[in-house]
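Take a look at the structure set out below.
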Amino acid sequence: MSSVTQQHDNTAAHHDDGHHHPAKGFKRWLYTTNHKDIGSLYLIFSLTMFLIGGAMAMVIRAELFQPGLQLVDPHFFNQMTTVHGLIMVFGAVMPAFTGLANWMVPLMIGAPDMALPRMNNWSFWILPFAFLILLASLFMPGGGPAFGWTFYAPLSTTYSNDNTALFVFAVHIMGISSIMGAINVIVTIVNMRAPGMTWMKLPLFVWTWLITAFLLIAVMPVLAGAVTMVLTDKYFATSFFDAAGGGDPVMFQHIFWFFGHPEVYIMILPAFGIISTIVPTFSRKKLFGYASMVYATSSIALLSFIVWAHHMFTTGMPVAAELFFMYATMLISVPTGVKVFNWVATMWRGSISFEVPMLFSIAFIVLFTLGGFSGLMLAITPADFQYHDTYFVVAHFHYVLVTGAVFSIMAGAYYWLPKWTGNMFNITLAKWHFWLSLVSVNVLFFPMHFVGLAGMPRRIPDYALQFADFNAIISLGGFAFGLSQLLFVVVVFKCARGGDKVPAKVWDGAEGLEWEVDSPAPYHTFETPPEIK
Amino acid sequence: MGKLSTTLWLILLMLPQHLLANSRFNMREGVTDISNNVYQLHMTIFIICCVIGVIVFAAMFWALLRHRKSKGAIPAQFHESTKVEILWTAIPFVILIAMAVPATKTLIAMEDASKADLTIKITGSQWKWHYEYMGEDVAFYSILSTPQEQITNQADKTSTYLLEVDKPLVLPINKKVRFLMTSDDVIHSWWVPDFAVKKDANPGFINETWTKINEEGIYRGQCAELCGKDHGFMPVVVEAKSEQDFADWLADAKQAKQKAAAADAALLDQTLPKEELMTLGEQVYMASCAACHQPTGMGLPGVFPALKGNPVVLGDIKDHIDVVLHGRPGTAMQAFAKQLSIKQLAAVITYKRNAWGNDTGDVIQPSQIQAELDATSEAK
């Protein structure tokens, strides 16, 4: 008996030891259940994917620099547009937000860790394999997926190459990872808030992530259903999307966009949370309307389920359906407007300073709103018949996703990087990164509005001569934007290595529990819950 | 001073007008009443967005300039105002309703394809369009006519690069033309910006839309829905003629079709020399087969099979003819029986069996193709 106790004590002691000091080497990262480690893994993974997906965008822009086919054949071009989209959505933006959630949600609500740490480990570690499978398919005979990231049937079924099964498997793994991540976020927020942290005291980043997590759980299974039907249609002779067997290719689009539209908000709601955190900090003033921000986020999330067919106006829907989806889509601009007005009202008569996170946030507000405007234009069905599937759409979603989601991630990274590392980043370099990105991203995406309106379809490897000048400019902007991101890598790397030491409260106007723990944040925080007044 | 500011204002007003009317920067007004309405709608929403943007960003940049910490700004303490929040929810709502009314009207008009004077059935396939004048016994394929040398930068590109076809769709002006859209394989989308017509061609289903062109001219567009490798190479060209010219063209087209049928019938008794078949066969191969099987006959591994050394091509002639005529259902291999004439089919099959070192020495005659066609129609 005593020996058992002895053993138990030893294990406990050993266990305790391991908990206080992270293990060394590769095993620390492979076996970790620590939310900060897993958050870092997600963020590093996301940055890697951002660079790989970006390299593919460089291939696309190099081919489109001049009319004619110069560098790649059309089949490979289609693989590049497809895999670029998949990597940026599922590999760069979504894991970046999950990484930020892992790091910040427990710190913001005063929890010691995520609620389900082992699942947290698993949900990260299956991701690299998903993308390994996806990327490996590019090197196999026939190449990777070439049917667009939207994989419309029957292009993705009867007419796709034999490697489609790999694409399906990769998407399944990404979906499982996202769902586990979302469950973890919900359980953590619902159960592990510090005493006194009532719902309406939750930081907005936490609120927006909670809503995002519910969206994820609602729609990732729909995506899983869609890819499974593609799989069985292609390999097992079902005909969900084949009219010859009683199916319907347009049904694929309904299912895909029922996932796809909420997915768009999955990639922007956490961004709203980040901006709503940073703007008050550097305006040194409370967020103008906290409650209305929460309600606006919830309404956007609810509306996102009833607007999906605005991606499908040209598929030949009945006019009543077209009207419904037009009205519903236009309605989304109301809560979105509320958010923008709120940020401006927060800055109004504040005491504003322009630290790097604030610069990215201001750029976000202006450029995301621009993407919102083109979104409103796209909602108008008759005009959408002209915009649909042109570069106008490409401009729209890149404004929302690059100057929207990606800029917010950059803002968040610069905002919390000193907290994570204990060091201030190189401000001069970071400002160079901001200004170069800001200018080049607009050279890259703004002229896309013009070529789109002038009639250039998207997803083409070669184009008519009247689009040549703009495409050359767009490509130059693209190369400049791509290169500028290497600066970000340098800043992050240098900051992790060292720099000026920062206090617990890095920014003078910052509020929240994350600023009450030391910088760098200790391996374990809030082992006893903090008191919330 | 007064004069100067007036001039400035005039320039400011003229500049956007000039820029905006330029179709290199903006949507086209087009040549139909509908396309005009769509353009007006587009400009209205665009201007509303600009005005909102200017107001919101002016307020923001004012704050950024005036309420700076470096200027010694002391933060105010105000937050939450139900009055303001109701206001900035209600005002956008009203603006949206103002936008939705004209949009609804235009949309309902666009979707009313009834009482058409002429119906065209448009069928997309990888990567060409087929036009059928319903009830007129005229039908043809329309294929990109830009030479491969221009695409691969071995020749100078002409002004209609990638926006030109061998046979354009010919339509009359001032007539309501109804389009029925469908597809033989994947989803395509038929788009002519000057008509504000873009509609998906879905395999197994028929979509409907219409146009009424106001001006004669040549109008160019492209396939708008990703449809595989050569999605960027299937343009739409419409030639709008006066009603009389259109009637003449239609009569000519019917006559040409009868002549072609007579020529085909005459071919049945002839034996064509191998050289003639090989020359024609190469042309047909480049136009109809090379997009997938490649000019080298090597295909794309894992996507499109190679013809060089292919067992079907080297094997039984009948099986080979059968695949070319009827395609392979469930794959990208199309049925060419209705796309090519019997002479073209005989030529291209001869070419495949003798090019790239296949060297079977087989020569296929049009009569053999006709025999196969007769056999399958009897079997049905």
Side-chain angles (χ1 to χ4, degrees), chain A residues 67-69 74-75 141-142 148 152 154-155 158-159 161-162 243 249-250 284-286 288-289 292 314-316 319 322-323 327 330 333-334 337-338 340-341 344 347-353 366 373 376-377 380-383 385-386 388-389 450 453-455 457 459-462 464-466, chain B residues 23-27 38 41-42 45 49 56-57 59-60 63-64 67-69 73-76 79-80 85 88-89 92-93 96 103 106-108 110-111 151-153 157 161-163 186-187 189 193 196 198-200 202-204 207 222 224-226 228-230 232 300-303 330 332:
Chain A
L69 293 177
H75 181 61
Y152 281 10
L155 190 60
T158 315
Y159 297 87
N161 64 46
D162 293 340
V250 176
R284 291 163 186 82
K285 186 162 158 277
K286 263 179 99 149
F288 178 79
S292 69
T314 64
T315 55
V319 68
E322 287 178 331
L323 287 172
Y327 299 148
M330 290 169 82
S333 61
V334 175
V338 166
V340 176
F341 299 144
V344 174
M347 286 190 252
W348 189 257
R349 290 183 54 207
S351 175
I352 303 170
S353 56
V366 176
F373 285 144
L376 182 57
M377 294 171 79
I380 311 291
T381 314
F385 290 151
Q386 291 282 51
H388 179 71
D389 267 334
F450 298 131
L453 290 175
R459 292 167 165 169
I460 56 174
D462 193 6
L465 297 181
Q466 68 260 38
Chain B
S23 65
R24 283 191 57 187
F25 296 92
N26 200 357
M27 187 188 284
V38 170
L41 209 52
H42 157 72
I45 310 154
C49 287
V56 174
F57 298 139
M60 192 183 85
L64 293 183
H67 309 147
R68 263 187 291 172
K69 190 187 171 209
I74 308 293
H79 65 96
E80 310 262 346
E85 289 176 74
W88 71 33
T89 311
F93 200 78
L96 287 183
T106 306
L107 182 62
I108 288 172
M110 287 173 106
E111 295 291 349
I151 296 172
T152 53
N153 310 304
K157 296 174 175 52
Y161 177 69
L162 295 188
L163 297 178
V186 299
I187 300 173
S189 192
K198 183 187 286 153
K199 197 64 122 182
D200 290 0
N202 298 321
N207 266 334
Q222 285 178 269
E225 181 62 61
L226 178 64
K229 182 170 122 343
D230 281 356
L300 281 178
V303 190

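Each chain gets a letter, A, B and so on, in the order the sequences are listed, and its residues count up from 1.
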Worksheet item: Hey, is the main chain of A/His388 close enough, under 3.5 Å, to the side chain of B/Lys198 for a donor-acceptor pair?
Response: yes

Fill in: Closest-packed option against chain B by number of heavy-atom pairs under 4.5 Å, given A/Val344, A/Val340, A/Asp462
A/Asp462

Worksheet item: Does CZ belonging to B/Arg68 count more than 12 external heavy atoms closer than 6.0 Å?
Response: yes

Practice prompt. Output the option from A/Ile352, A/Thr315, A/Leu323 having the highest count of non-hydrogen pairs under 4.5 Å with chain B.
Written response: A/Ile352

Discussion item. Under 4.5 Å from any heavy atom of chain B, what part of A/Ser333 do you find: side chain, backbone, both or neither?
Written reply: side chain

Worksheet item: What residue in B/Val303, B/Leu226, B/Val38 has the most heavy-atom pairs under 4.5 Å with chain A?
Response: B/Leu226

Response to the item:
Here the pair of heavy atoms bringing A/Arg349 nearest to B/His67 is N-ND1, 2.7 Å

Practice prompt. Please tell me if the side chains of B/Ile187 and A/Leu155 come closer than 4.5 Å, counting only heavy atoms from C-beta onward.
Written response: no

Worksheet, complete the sentence: Greatest number of non-hydrogen atom pairs under 4.5 angstrom with chain B, of A/Tyr327, A/Trp348, A/Phe385, falls to A/Trp348

Discussion item. Less than 4.5 Å to any heavy atom of chain A: does that hold for the side chain of B/Phe57, its backbone, both, or neither?
Written reply: side chain

Worksheet item: Hey, what's the ring geometry for B/Phe25 with A/Phe450, parallel, tilted or perpendicular (30° and 60° as the breaks)?
Response: perpendicular

Discussion item. Looking at A/Gln386 and B/Pro193, would you say the former's side chain and the latter's main chain have a donor-acceptor pair under 3.5 Å?
Written reply: yes

Worksheet entry | Smallest separation among heavy atoms of A/Met330 and B/Leu96, with atom names | O-CD1, 3.2 Å

Discussion item. Quick check on A/Tyr152 against chain B: is it the side chain, the backbone, both or neither that has a heavy atom closer than 4.5 Å?
Written reply: side chain

Worksheet item: Within a strict 4.5 Å, meaning less than it, do heavy atoms of the B/Met60 and A/Val366 side chains meet?
Response: yes

Practice prompt. Could you tell me which of A/Pro461, A/Pro154, A/Ser353 has the largest number of non-hydrogen atom pairs under 4.5 Å with chain B?
Written response: A/Pro154

Worksheet, complete the sentence: Looking only at B/Pro75, B/Gly232, B/Pro92, B/Pro203, most heavy-atom pairs under 4.5 Å shared with chain A are made by B/Pro75

Worksheet item: Do A/Thr314 and B/Asp200 have side-chain N/O donor and acceptor atoms under 3.5 Å apart?
Response: yes

Item to complete: Specify which of B/Thr106, B/Asn202, B/Asn207, B/Leu163 makes the most heavy-atom pairs with chain A at under 4.5 Å.
Response: B/Asn207

Worksheet item: With chain B, which of A/Pro382, A/Pro141, A/Pro457, A/Gly68 has the greatest number of heavy-atom pairs at distances under 4.5 Å?
Response: A/Pro382

Worksheet entry | Part of B/Glu80 lying under 4.5 Å from any heavy atom of chain A | both

Worksheet item: Given a strict heavy-atom distance threshold of 4.5 Å, which part of A/Val250 is in contact with chain B: side chain, backbone, both, or neither?
Response: side chain

Discussion item. How long is the straight-line distance from CD of A/Glu322 back to CE of B/Met110, given to the nearest 0.5 Å?
Written reply: 9.0 Å

Discussion item. So, taking the atom named CD1 in A/Ile380 and the one named CD1 in B/Ile45, what distance separates them when rounded to the nearest 0.5 Å?
Written reply: 4.0 Å

Discussion item. Just verifying a value: how many Å separate A/Asp389 CG and B/Ser189 OG, rounded to the nearest 0.5 Å?
Written reply: 6.5 Å

Worksheet entry | Atom group of B/Glu111 that falls short of 4.5 Å from chain A, counting heavy atoms | side chain

Worksheet entry | Options A/Asn161, A/Ile460, A/Leu69, ranked by heavy-atom pairs under 4.5 Å with chain B, top entry | A/Leu69

Worksheet item: With a 4.5 angstrom heavy-atom cut-off, which part of B/Leu41 approaches chain A: side chain, backbone, both or neither?
Response: side chain

Worksheet entry | Beyond-backbone contact of B/Glu85 with A/Val338, side-chain heavy atoms, under 4.5 angstrom | no

Item to complete: Can you see which heavy atom on B/Tyr161 is nearest to which on A/Pro67, and at what distance?
Response: CE2-CB, 4.2 Å

Practice prompt. Would you mind checking which part of A/Phe341 comes under 4.5 Å of any heavy atom in chain B, side chain (CB onward), backbone (N, CA, C, O), both or neither?
Written response: both

Discussion item. How long is the straight-line distance from NZ of A/Lys285 back to CD1 of B/Ile74, given to the nearest 0.5 Å?
Written reply: 14.0 Å

Response to the item:
Applying a strict 4.5 Å limit to non-hydrogen atoms, the region of A/Phe373 in contact with chain B is both

Worksheet item: Under a 4.5 Å heavy-atom cut-off, does chain A meet the side chain of B/Ile151, its backbone, both or neither?
Response: both

Item to complete: Could you tell me whether the side chain of A/Ser351 and the main chain of B/Ala73 form a donor-acceptor pair under 3.5 Å?
Response: yes

